Amino acid sequence: MKKLFVLVLIISALLVGRGFALDSLTYKGKANDAKTNNDNANAEAASIVKAAESGDAESQYHLGFLYFSGDGVPLDKAKAIEWWLKAAKQGNRDAQAILGAVYFEGDGVPQDLAKGVEWLQKAADQGDAMAQRLLGWAYFDGQGFAKDSKKALEWWTKAAIQGDDKAQDALGDAYSIGKIVPQDLAKAVEWWTKAADQGNYFAQCSLGQAYSKGLGAHKDLNKAASLFEKSAERGYASAQYYLGAAYFFGEGKPENMSTGTGWWLKAADQGHSSAQCLLGSAYSNGFGVPENMSKAIEWWTKSALQGNAQAQANLGEAYFEGDRVPQDFAKGVEWLQKAAEQGDAQAQRSLGVAYYEGQGVAKDLAKALEWWLKAAEQGDAQAQRRLGVAYYFGEDLPMDKVKGVEWFQKAADQGDHRAQDALGDAYFTGKGAPKDLNKATEWWLKAADQGNAFSQASLGLAYFEGLGVPKDINKAVEWWNKAAERGNLKSQYYLGSTYYFGENGFPMDKAKGLAWWTKAANQGHANSQDALGDAYSAGNSVPKDLAKAAEWWAKAADQGNKYAQCSLGQAYSKGRGVPKDLAKAVSLFEKSAEQGYPPAQYYLGVAYFMGEGVPENMSTATGWWLKAADQGHADSQSLLGLAYSNGDGVPQSDSKAIEWWTKAADQGQTFAQQHLGEAYYSGEGVPKNIAKAIEWWRKAAERDNAKAQYRLGRLYLEGEGLPKDQAKALEWLKKAADLGDTDAQELLKKIAERNK
């Protein structure tokens with residue numbers, strides 16, 4: 001669940017800090033300039049007091065400011081309000097505007113929205129831009145009036161036309177958001193430009209965002225960065241955040257991670273949650289700052305406590321994974337839950353994993369699937385793939401391979417290599433998708449190019465077999481090498497077999513083959529362990545060592561490898577490399593046979609037939625031979641034929657005997673060929689046919705079946721079905737005798753005595 005360091009710049013036009021605030025109560029009189037020294041200030045104040053007391057409204061307004069600020073007179077906000085009231089009642093619009101503001105803020109007077117609106121309205125009606133803008137905010141926020149966006153827009157427009165930069169900024173926001181007027185990004189840019197040109201840092205930042213994304217203006221990263229810089233230098237946290245990103249990613253500024261994180265730090269110190277989050281990620285990865293996980297946690301925590309979902313997700317994953325912090329599943333889940341509930345897809349997916357694995361929460365597959373579904377519906381590829389697995393394999397969901405493939409497809413289309421691999425498998429097997437070898441290899445190739453070792457192994461096999469791609473042993477080895485180097489044991493095994501046997505014309509290199517098998521076997525790959533057992537058993541390119549063979553077979557057999565179980569069973573049955581132990585042999589044959597391996601079924605049948613390691617039981621013996629025979633195992637077919645011929649363990653049936661012997665004989669099984677010859681010679685189960693008998697005996701004889709050689713020798717000797725030919729008769733009889741056939745040996749003795 002490791003969260004990658006992905007920094008996403010989010011455009012958001014926020015109106016925070018742009019409404020009522022006393023920083024907007026700008027003194028509009030000359031007294032502001034009369035602060036060079038106390039004497040001048042006192043003299044100026046005395047002059048203003050005299051004029052105010054004589055009833056001059058402008059002076060009364062100015063005197064109110066002097067008392068409000070304590071400039072040349074004692075600080076006295078009550079007196080300030082008193083003088084502003086005198087001026088306002090005489091129709092002074094500046095005083096009316098300032099009174100409206102202080103009543104709204106409750107600064108120097110009890111807050112009174114109705115009075116505030118009354119005075120603002122008077123000033124606004126006289127064309128005071130500040131009052132018009134503040135009246136617009138009153139209508140927008142529903143303070144002193146019912147909310148009325150249309151009137152808010154009307155008053156902001158009046159103020160903006162007069163050049164009020166804050167009203168111009170507010171209009172820019174309104175057109176950008178498109179809630180109280182139809183969205184018009186070009187108009188938004190037009191108003192922000194007017195405000196930005198007057199140094200309004202809110203507008204500079206918003207305009208910078210517009211240029212950075214090409215929204216309402218041509219995309220111009222340099223212009224965007226320049227605007228962010230102007231705003232950032234005024235201390236605006238959002239602009240500092242965006243300027244940091246411009247430096248960090250080299251967008252409109254020379255790439256400089258250190259400068260980028262420096263600006264993020266300024267914004268973060270002001271409580272900007274996105275900057276805090278990214279600063280945490282920078283410390284986590286050592287980007288632009290020294291790697292420091294404790295600092296990362298500190299910044300993520302500050303951001304997370306403000307509700308930043310990304311920071312909450314980062315914290316959750318850090319604690320869940322124990323990523324350079326003490327692992328704490330419960331704490332991890334707590335933060336992931338907060339982020340997930342805010343809709344963070346990655347957190348939703350990670351929370352699903354927590355429920356799936358039962359870490360930090362009670363294991364709950366239904367909840368895991370619920371969270372994965374939320375993340376998947378937002379396009380999270382990993383969640384889509386996990387849902388695919390759940391449906392495809394029926395993990396706490398009704399198995400639905402088609403639905404599983406649908407989710408695999410969504411994730412695969414986003415480049416998730418595991419989903420691409422799974423999709424390739426689905427098309428290859430035709431389970432959940434139409435069988436399509438071309439599509440299978442197409443998806444495997446996409447995953448393999450991303451380094452997916454499973455797909456690389458599958459592609460190797462596809463090229464080896466010519467499935468969905470032209471058969472090409474060199475390409476097969478190339479893909480297997482890639483997968484093998486990534487630790488894929490199956491590919492190491494395939495490489496071992498290809499080199500060891502020189503398959504498909506590939507240059508044989510037994511040493512290389514053994515090296516790959518050994519590499520995989522030492523990592524526990526059962527097929528490779530079995531292959532090494534075979535190599536040591538045969539002494540093929542390694543010194544023959546039956547004990548080593550048994551050792552490797554035992555490792556593979558313990559993993560349930562049916563081939564090794566059968567080979568080890570034979571070793572125990574004969575005492576080759578291990579002490580002879582018929583009961584152990586039978587146990588191993590049984591394990592392999594139950595997995596459907598025909599040779600093991602054959603040997604198990606023989607064990608029951610002979611009563612070796614198990615009680616003798618012909619019926620059980622023939623049952624196992626039948627299982628193997630049905631899979632085409634020639635030796636089992638041959639013995640099954642004999643069982644039917646004799647009625648051993650099965651009802652006697654010459655026709656069934658012939659049927660099974662024929663199947664075995666057609667595969668070159670000499671015992672069956674010899675018995676078929678006997679059947680045709682005697683006419684048991686088939687019409688008597690000496691020519692067919694000779695045909696089958698000859699096939700068996702040519703493959704050193706002693707009894708068939710004896711039969712042919714007799715026929716040549718007696719001239720039965722064949723021309724009488726003593727030389728040929730002696731030739732076949734001698735072959736049979738040399739192989740230990742007692743009938744042939746006796747007959748040769750008689751012939752020798754007769755010829756004395």
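These figures come from a predicted structure and were not determined experimentally. Position 1 is the first residue of the sequence, and the numbers go up from there.
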Going by heavy atoms in the side chains, are [X] and [Y] under 4.5 Å from each other?
{"X": "N308", "Y": "K302", "result": "no"}
{"X": "S281", "Y": "W300", "result": "yes"}
{"X": "F320", "Y": "L351", "result": "no"}
{"X": "E357", "Y": "F329", "result": "no"}
{"X": "D323", "Y": "E317", "result": "no"}
{"X": "Y283", "Y": "I297", "result": "no"}

For [X], which residues count as a side-chain hydrogen bond (donor to acceptor under 3.5 Å, both in side chains) partner, sequence neighbours excluded?
{"X": "E118", "answer": "none"}
{"X": "Q342", "answer": "Q312"}
{"X": "Q270", "answer": "Q240"}
{"X": "T157", "answer": "none"}

Distance from [X] atom [atom1] to [Y] atom [atom2], nearest 0.5 Å?
{"X": "D380", "Y": "K410", "atom1": "CG", "atom2": "NZ", "answer": "13.5 Å"}
{"X": "L243", "Y": "S226", "atom1": "CG", "atom2": "OG", "answer": "9.5 Å"}
{"X": "Y242", "Y": "S274", "atom1": "OH", "atom2": "OG", "answer": "7.5 Å"}
{"X": "Q310", "Y": "L278", "atom1": "CD", "atom2": "CG", "answer": "8.0 Å"}
{"X": "Q420", "Y": "D413", "atom1": "CD", "atom2": "CG", "answer": "8.5 Å"}
{"X": "L221", "Y": "S212", "atom1": "CG", "atom2": "OG", "answer": "7.0 Å"}

- Task: Give a yes or no on whether R93 atom CZ has more than 12 heavy-atom contacts from other residues, nucleotides or ligands under 6.0 Å away.
- Result: yes
- If you draw a 6.0 Å radius around NZ in K147, do more than 12 non-hydrogen atoms from other residues or ligands fall strictly inside? no
- Query: For the side-chain contact (heavy atoms from CB on, under 4.5 Å) test, which of F287, F249, Y247 pairs with M257?
  - Reply: F287
- Name of the residue among F68, Y67, F65, Y61 meeting side-chain contact (heavy atoms from CB on, under 4.5 Å) with W83: Y67
Determine the minimum heavy-atom distance between [X] and [Y], stating which atoms define it.
{"X": "A131", "Y": "D128", "result": "N-OD1, 2.8 Å"}
{"X": "G252", "Y": "A225", "result": "O-CB, 3.6 Å"}
{"X": "A309", "Y": "A339", "result": "O-CB, 3.3 Å"}
{"X": "L120", "Y": "G100", "result": "CG-CA, 3.7 Å"}
{"X": "A195", "Y": "A203", "result": "CB-CB, 3.5 Å"}
{"X": "A239", "Y": "A232", "result": "CB-N, 3.5 Å"}

- Would you mind telling me which of Y241, Y236, W264 makes a ring-ring contact (aromatic ring centres under 6.0 Å, His included) with H272? Y241
Partners meeting salt bridge (Lys or Arg N to Asp or Glu O under 4.0 Å) with [X] (sequence neighbours left out):
{"X": "E370", "result": "none"}
{"X": "E229", "result": "K253"}
{"X": "R385", "result": "D416"}

Report yes or no: does [X] contribute a side-chain atom to a donor-acceptor pair with the main-chain N or O of [Y] at less than 3.5 Å?
{"X": "Q384", "Y": "A376", "value": "yes"}
{"X": "S231", "Y": "Y201", "value": "yes"}
{"X": "Q348", "Y": "W371", "value": "no"}
{"X": "Q276", "Y": "A268", "value": "yes"}
{"X": "Q60", "Y": "A52", "value": "yes"}
{"X": "R234", "Y": "G199", "value": "yes"}

- Does the side chain of N92 pick up a donor-acceptor pair with the side chain of E58 at under 3.5 Å? yes
- Message: Testing the 3.5 Å rule here: is there a donor-acceptor pair between the side chains of D173 and W192?
- Response: yes
- Item | Pairs meeting criterion side chain to side chain donor-acceptor pair (under 3.5 Å) with involvement of residues 286-297, two or more places apart | E291-R324, N292-S294
- With side chain to side chain contact (heavy atoms under 4.5 Å, CB included) as the test, would you mind laying out the steps for L369 and L373 before giving the verdict? CA-CA 6 Å; L369 293 166; L373 183 59; over 6 Å; no
- Item | Within the 6.0 Å centroid threshold, strictly below: W137 and F104 | no
- Task: Tell me, with the steps shown, if F140 and W156 meet side chain to side chain contact (heavy atoms under 4.5 Å, CB included).
- Result: CA-CA 10 Å; F140 185 80; W156 284 336; 3.7 Å; yes
- Task: Any pair with a residue in residues 259-284 that passes salt bridge (charged side-chain N to carboxylate O under 4.0 Å, His left out), sequence neighbours left out, goes on the list, sorted by first then second residue, please.
- Result: none
Below 3.5 Å, can you tabulate the donor-acceptor pairs from side chains in residues 179-188 to any protein atom, sequence neighbours excluded?
unit_1 : atom_1 : unit_2 : atom_2 : d
Q183   : NE2    : S176   : O      : 2.7
D184   : OD1    : A186   : N      : 3.3
D184   : OD1    : K187   : N      : 3.1

- Note on the structure: Hits for ring-ring contact (aromatic ring centres under 6.0 Å, His included) against Y392, two or more places apart or cross-chain, chain-then-number order -> F408
- ring-ring contact (aromatic ring centres under 6.0 Å, His included) with W372: which residues, sequence neighbours excluded? Y356
- Task: Mind running side chain to side chain contact (heavy atoms under 4.5 Å, CB included) on Y139 and V117 for me, showing each step along the way?
- Result: CA-CA 10 Å; Y139 275 110; V117 163; over 6 Å; no
- Query: Between Q198, Q162, E190, which is the residue that forms a side chain to side chain donor-acceptor pair (under 3.5 Å) with Q168?
  - Reply: Q198
- Message: Using the rule given for side chain to side chain contact (heavy atoms under 4.5 Å, CB included), can you reason through D76 versus E82, listing the C-alpha separation, both sets of side-chain angles and the distance that settles it, and then say yes or no?
- Response: CA-CA 10 Å; D76 190 332; E82 182 185 323; over 6 Å; no
